[in-house]
Amino acid sequence: MTKLIRAFLRSATYERRFLAKNPWDLAMVVWIPFATVLLIWWIFSQTQITDLPIGVIDQDNSPVANTAVRYLEASPTLMVKQLYTSESDAEAAILQRDIYAVVIIPEDFSRNILSGKPAPLVLQVNAQYGTHSGIIQTSVQTVASTLSAGVEIQRLVKQGMAPSQAAIAYSPISIQRISLFNAATNYQQFLASTVIPALLHILAMVIGATTIGRELRDKNIGHWYDVISNGDTDNNQHDSANLTNIKASQTSTVPESQHSHTDEKTETSKNNTKSRQVSISILLFGLLGKYFWPLLAYSIWSMMALWFATPQESVAISSIIATYIGLLLLMLLSFFLGAILTLNSFSLRMGLSSTGFISAPSYAFAGVTFPYIAISDNAQHWSDVLPLTHYLKLHIAQLQMHAPAAVSLPIVYGLTLATTIAMLLTTLLTKRALVHPERWGAR
């Protein structure tokens with residue numbers, strides 16, 4: 001056990017020295033995820049969508065039409081930006097995204113109402129923007145229903161019916177809508193709290209690919225294993241420098257630069273081809289030490305993300321703990337998945353490409369913005385394979401639906417099992433890489 005702990009500490013020290021000398025790699029661990037969390041939360045700082053700009057074409061210019069315009073103005077989600085006189089001007093405004101819809105009040109609007117004929121409001125909406133379109137359509141429908149109810153109740157009252165009876169007569173069947181979760185339509189809760197773990201998942205997979213991939217690319221993976229197993233520090237570099245100095249001091253007809261290049265190449269070749277007795281347990285603890293600093297940093301960013309997600313919610317401590325453990329497992333699993341993709345191909349470039357292919361669109365398959373049951377069977381199978389899908393189920397159930405923690409424990413167990421398998425597979429692939437030095441150095 002002492003030997004394993006030493007392997008862990010040596011690997012963590014090795015990685016700390018590298019991060020201290022490479023600001024871009026350090027930024028991927030510290031500054032980029034930190035800025036990502038803050039930026040996403042700032043983008044959704046306005047928790048609700050309000051004042052969506054629309055236009056109105058009033059061809060009737062009657063008191064009823066003016067009332068309709070006032071009702072549209074009074075809607076919290078709408079803002080009548082401008083009254084247009086022609087449809088061509090309104091269409092140009094939609095194309096320039098000055099407005100997202102235009103409401104047309106026909107010229108016979110009030111006359112049809114007075115004569116008891118249908119009097120529709122014409123809504124032309126830019127359906128390219130699904131969220132905007134849905135909100136605008138709902139709001140305009142609400143305004144139309146309110147205005148229609150007022151006109152009909154007023155007509156019934158004039159016929160001698162009591163106002164209360166008129167209201168019942170106009171709408172004998174009504175809907176009593178009760179929003180069980182996220183009743184305020186809070187977009188921070190709906191989108192931001194789930195987008196942040198998705199972005200951290202992408203960054204974690206990139207770190208997982210590059211942390212082990214750069215050792216393969218730079219042909220240092222053998223030296224790294226020597227460090228964690230035997231305690232060798234930077235002997236290879238020192239030996240190369242010593243050999244260069246010795247050769248440079250000797251009299252030779254060969255130029256000094258050629259001596260240095262030949263000696264370094266020879267030393268690197270010896271280091272690559274020397275046989276190693278690879279221990280699986282030491283290798284596993286070495287990998288844990290190598291990913292210790294990224295995991296430590298991402299545990300802080302995960303904690304901050306959950307703190308942002310539950311500022312005004314009375315969430316049970318057991319739910320917060322279960323969600324935090326699930327997010328930590330997702331981050332650790334992401335690190336090792338990135339490593340597996342790189343080690344399997346012996347190429348950092350291929351590893352990063354595979355990482356982007358898998359992690360970048362994973363949020364689209366998670367069932368948050370598009371219903372899971374509405375996607376095709378093949379897409380559902382792919383969604384079930386992605387770890388982010390299962391974590392977001394846990395996240396939504398615990399932080400937004402306030403389900404008992406026991407409901408999401410199977411997901412925690414599943415992430416634990418997947419992480420354990422990924423760790424073992426990464427260890428075996430690293431061992432395979434160590435015994436194939438001829439494949440080191442691929443970009």
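On a predicted model such as this, the values are computed, not experimentally measured, just so you know.
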With no hydrogens and no angle check, is any side-chain donor or acceptor of [X] less than 3.5 Å from a backbone partner on [Y]?
| X | Y | result |
| --- | --- | --- |
| T146 | T142 | yes |
| T427 | L283 | no |
| S345 | L341 | yes |
| T211 | G208 | no |
| T36 | I32 | yes |
| W41 | A192 | no |
| Y324 | S299 | yes |
| S45 | W42 | yes |
| Y100 | S133 | no |
| W301 | V29 | yes |

Item checked: Gap between atom CG of L306 and atom NE2 of H395 - 0.5 Å precision ->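 Spacing of NE2 (H395) from CG (L306) equals 7.0 Å.
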
Next item on the list: Rounded to the nearest 0.5 Å, what's the gap from CG on N230 to CG on D226? Could you check?
Entry: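 Between N230 CG and D226 CG, I get 6.0 Å after rounding to 0.5 Å.
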
Next item on the list: Start with the C-alpha gap between T67 and R70, add the side-chain angles, then the distance that decides, and say whether side chain to side chain donor-acceptor pair (under 3.5 Å) holds.
Entry: CA-CA 5 Å; T67 302; R70 289 200 306 269; 3.2 Å; yes

Any [X] side-chain heavy atom under 4.5 Å of [Y] side chain:
| X | Y | result |
| --- | --- | --- |
| F292 | L288 | no |
| S11 | F285 | no |
| Q82 | I99 | no |

Notebook entry, point to check: Within a radius of less than 6.0 Å around CE of M350, do more than 12 heavy atoms belonging to other residues, nucleotides or ligands occur?
Noted result: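 Incorrect, the count does not exceed 12.
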
Check: Around R97, counting heavy atoms of other residues, nucleotides and ligands shown, do more than 12 lie under 6.0 Å from its CZ?
Finding: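 Count not over threshold, so no.
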
Over all heavy atoms of both residues, which pair between [X] and [Y] is shortest? Give the atoms and the distance, please.
| X | Y | answer |
| --- | --- | --- |
| L333 | A418 | CD1-O, 3.6 Å |
| A433 | I221 | CB-CD1, 4.2 Å |
| L388 | S362 | CD2-OG, 3.3 Å |

Item checked: Aromatic plane relationship, F357 with W382 - under 30° parallel, 30 to 60° tilted, over 60° perpendicular ->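 The rings of W382 and F357 sit tilted, inter-plane angle from 30° to 60°.
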
Next item on the list: Decide whether a cation-pi geometry holds between R214 and F18; the criteria are a distance under 6.0 Å from NZ or CZ to the six-membered ring centre and an angle within 45° of the ring axis.
Entry: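 Ring-cation test returns yes.
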
Margin query: Test of understanding: with salt bridge (Lys or Arg N to Asp or Glu O under 4.0 Å), list the residues that count as partners of R439, not counting sequence neighbours.
Written below: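 None.
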
Next item on the list: Please list, chain by chain and in numerical order, all residues satisfying side-chain contact (heavy atoms from CB on, under 4.5 Å) with A35, sequence neighbours excluded.
Entry: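 Per chain and number, A35 pairs via side-chain contact (heavy atoms from CB on, under 4.5 Å) with no residue.
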
Next item on the list: Applying side-chain contact (heavy atoms from CB on, under 4.5 Å), name anything that partners V140, two or more places apart in sequence or on another chain.
Entry: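 Checked V140 against side-chain contact (heavy atoms from CB on, under 4.5 Å); matches are L72, L78, V103, L123, I136.
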
Margin query: Set out, in order, the CA-CA distance, both residues' side-chain angles and the distance that settles side chain to side chain donor-acceptor pair (under 3.5 Å) for Q398 and S408, then state yes or no.
Written below: CA-CA 8 Å; Q398 296 302 314; S408 300; 2.8 Å; yes

